[in-house]
Q: 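Shown below is the structure under consideration.
Here the structure is a predicted model, which means the values were calculated and not measured. Residue numbers start at 1 and run along the sequence shown.
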Amino acid sequence: MKLKCGACVGWACLLSVLAVQAQGKGERVELLPFGDMDRWMVRMVEESFVIGGKTKYLYEVAEGDTLRNNTPYHNTQSPWATSTVMAKVSGVYKSSITVFPEQRGDGFCARLETRMEEVKVLGLVNISVLATGSLFLGEMMEPVRDTKNPQSKLNHRIAFERCPMALEFDYKVQPGGKQIKATGFSRRQQLDVWNKAEVCLLLQRRWEDEEGNMYAERVGTAYERYAEATLEWQNGHRVPVHYGDIRGEEFFKPYMNLIKGEQIPYSQNSRGEMVPVREVGWAAPGTAPTHIILRFSSGDGGAYIGAPDAKFWIDNVKLVYED
C-alpha cells in the first residue's frame with residue numbers, strides 16, 4: 001500500500017535532492033530526499049499469539065508495496081528512519097508505533113508521538129515502556145532483540161560533505177507535561193522535568209582506527225528545543241548551523257555540547273559492526289564534514305523518558321546554502 005507515489009531516490013547519497021528552490025538573493029534551498037513527507041510505505045506486523053496476536057500497521061517515510069510476514073525493514077531508497085520498530089525478543093514478535101503519516105492539504109506530514117507501549121499477559125508478563133517518537137536520517141537495525149543500549153540500534157551512517165547555513169522545515173508541536181521514566185523493568189517514575197520536543201542537526205568529521213573504533217570532530221551544530229505548545233503550522237522555520245567551537249557563544253546551551261555518555265550515537269564501521277562514534281573535539285574553521293546526524297523527536301529526555309501524548313509534526317525538511 002502506498003499513500004502517494006513518486007520517484008525513487010538513493011538513500012545513501014544526500015547530495016541528490018528532490019527539489020531546488022531559490023529563496024532570496026544569495027541563497028539556495030534544497031529539499032532533502034523524501035523530505036516533503038508525502039510518500040509512506042505500510043508494514044504489517046503480526047504480533048505473537050502469546051501477547052494477543054494483534055495485527056499492527058507500521059509506517060515508514062519511503063515508498064513501495066506493503067511489507068508483510070514480519071519482514072525486517074531496511075531502507076534502501078529513503079534516507080529516513082523512525083522510532084517505530086518491530087522487536088523479536090525470545091521468539092516473541094512485538095511492535096512499537098510512534099511515527100504516523102497525517103493528511104496536510106493535498107499531501108502528508110509526519111506526526112511524532114510519545115506513547116506508552118504495554119504488554120500484559122496474565123501470569124506471564126506485565127511491562128510498560130515509554131517510547132518517544134523520532135524521525136532521523138539513518139537506519140533502525142531490525143529486528144530489535146532487547147532494550148539494552150538503545151543507541152546501538154540506531155545506525156547514523158549517512159555520508160555528507162557539504163556545509164549548509166541553516167536547516168529549514170515546517171512544524172507544530174504539543175510538548176506535553178512533565179516527563180516520566182518507564183523502562184519496563186522497574187516502577188514507573190514521575191520526573192520533575194517538563195518535556196520539550198527537539199530538533200538536532202550535527203555535522204561531523206569521522207575517522208576509524210585499525211581496530212574499527214570510530215571517532216569524530218564536531219564541524220557544525222544546529223539544535224533547538226520547544227517547550228511551549230504551538231498548534232498552528234510554523235512554515236519555513238529555520239535553525240542556523242553554527243560552525244566550530246560554539247561553547248563561548250551567547251546562544252550556546254549545554255545540550256549543544258559534544259555528546260557524551262548514553263547518548264553517544266552509533267554507526268556501522270567498515271567491518272559492518274555497530275560501534276559508538278565518540279566526539280573527541282571541535283573541528284577547526286573550514287573543516288569539511290564527512291557525515292550528518294539529523295533527528296526530530298517529540299521528547300528530549302532520551303530513551304524511555306518523555307511525556308505521554310507529546311506530539312511533534314514535521315514537514316518539508318530542507319537545507320539552506322549560500323549561493
Q: Less than 4.5 Å apart, any side-chain heavy atom of Trp282 and any of Ile246?
A: yes
Q: Can you list the other members of the hydrophobic cluster that holds Ile180, where links are side-chain heavy atoms under 4.5 angstrom apart?
A: Met116, Leu130
Q: Is the shortest heavy-atom distance from the side chain of Pro265 to the side chain of Ile293 under 4.5 Å?
A: yes
Q: Answer with yes or no whether the side chains of Glu198 and Tyr223 bring together a donor and an acceptor at under 3.5 Å.
A: yes
Q: We want to know whether Gln179 and Asn195 form a side-chain donor-acceptor pair, criterion being a heavy-atom distance below 3.5 angstrom.
A: yes
Q: Met141: which other cluster members, linking ILVMFWY side chains closer than 4.5 Å, directly or transitively?
A: Tyr266, Met274
Q: Is a donor from one side chain sitting under 3.5 angstrom from an acceptor on the other, for Thr132 and Ser297?
A: no
Q: Between Trp313, Phe169, Phe136, which is the residue that forms a ring-ring contact (aromatic ring centres under 6.0 Å, His included) with Phe296?
A: Phe169
Q: Kindly compute the distance separating CG (Asp170) from CG (Asn316), expressed to the nearest 0.5 Å.
A: 4.5 Å
Q: Give, for atom CD of Glu60 and atom CZ of Phe34, the distance between the pair rounded to the nearest 0.5 Å.
A: 12.0 Å
Q: Does a side chain donor of either Gln204 or His156 reach within less than 3.5 Å of an acceptor in the other side chain?
A: no
Q: Would Val144 end up clustered with Val129 when hydrophobic side chains under 4.5 Å apart are linked, directly or stepwise?
A: no
Q: Give, for atom CD of Glu217 and atom CG of Asp245, the distance between the pair rounded to the nearest 0.5 Å.
A: 11.0 Å
Q: Quick one: do Leu203 and Val277 end up in the same hydrophobic cluster if we chain Ile, Leu, Val, Met, Phe, Trp and Tyr together by side-chain heavy atoms under 4.5 Å apart?
A: no
Q: Can you confirm whether the side chains of Ser298 and Glu113 place a donor and an acceptor under 3.5 Å from each other?
A: no
Q: In chain order, what residues pass the ring pair (Phe, Tyr, Trp, His ring centres under 6.0 Å) check against Tyr226, with sequence neighbours excluded?
A: Tyr171, Phe312
Q: Assess whether a salt bridge exists between Arg162 and Glu30, defined as any Lys/Arg side-chain N lying under 4.0 Å from an Asp/Glu carboxylate O.
A: yes
Q: Taking atom CZ of Arg247 and atom CZ of Arg218, what is their separation to the nearest 0.5 Å?
A: 10.5 Å
Q: Nearest 0.5 Å, please: how far is OG1 in Thr290 from CZ in Phe160?
A: 11.0 Å
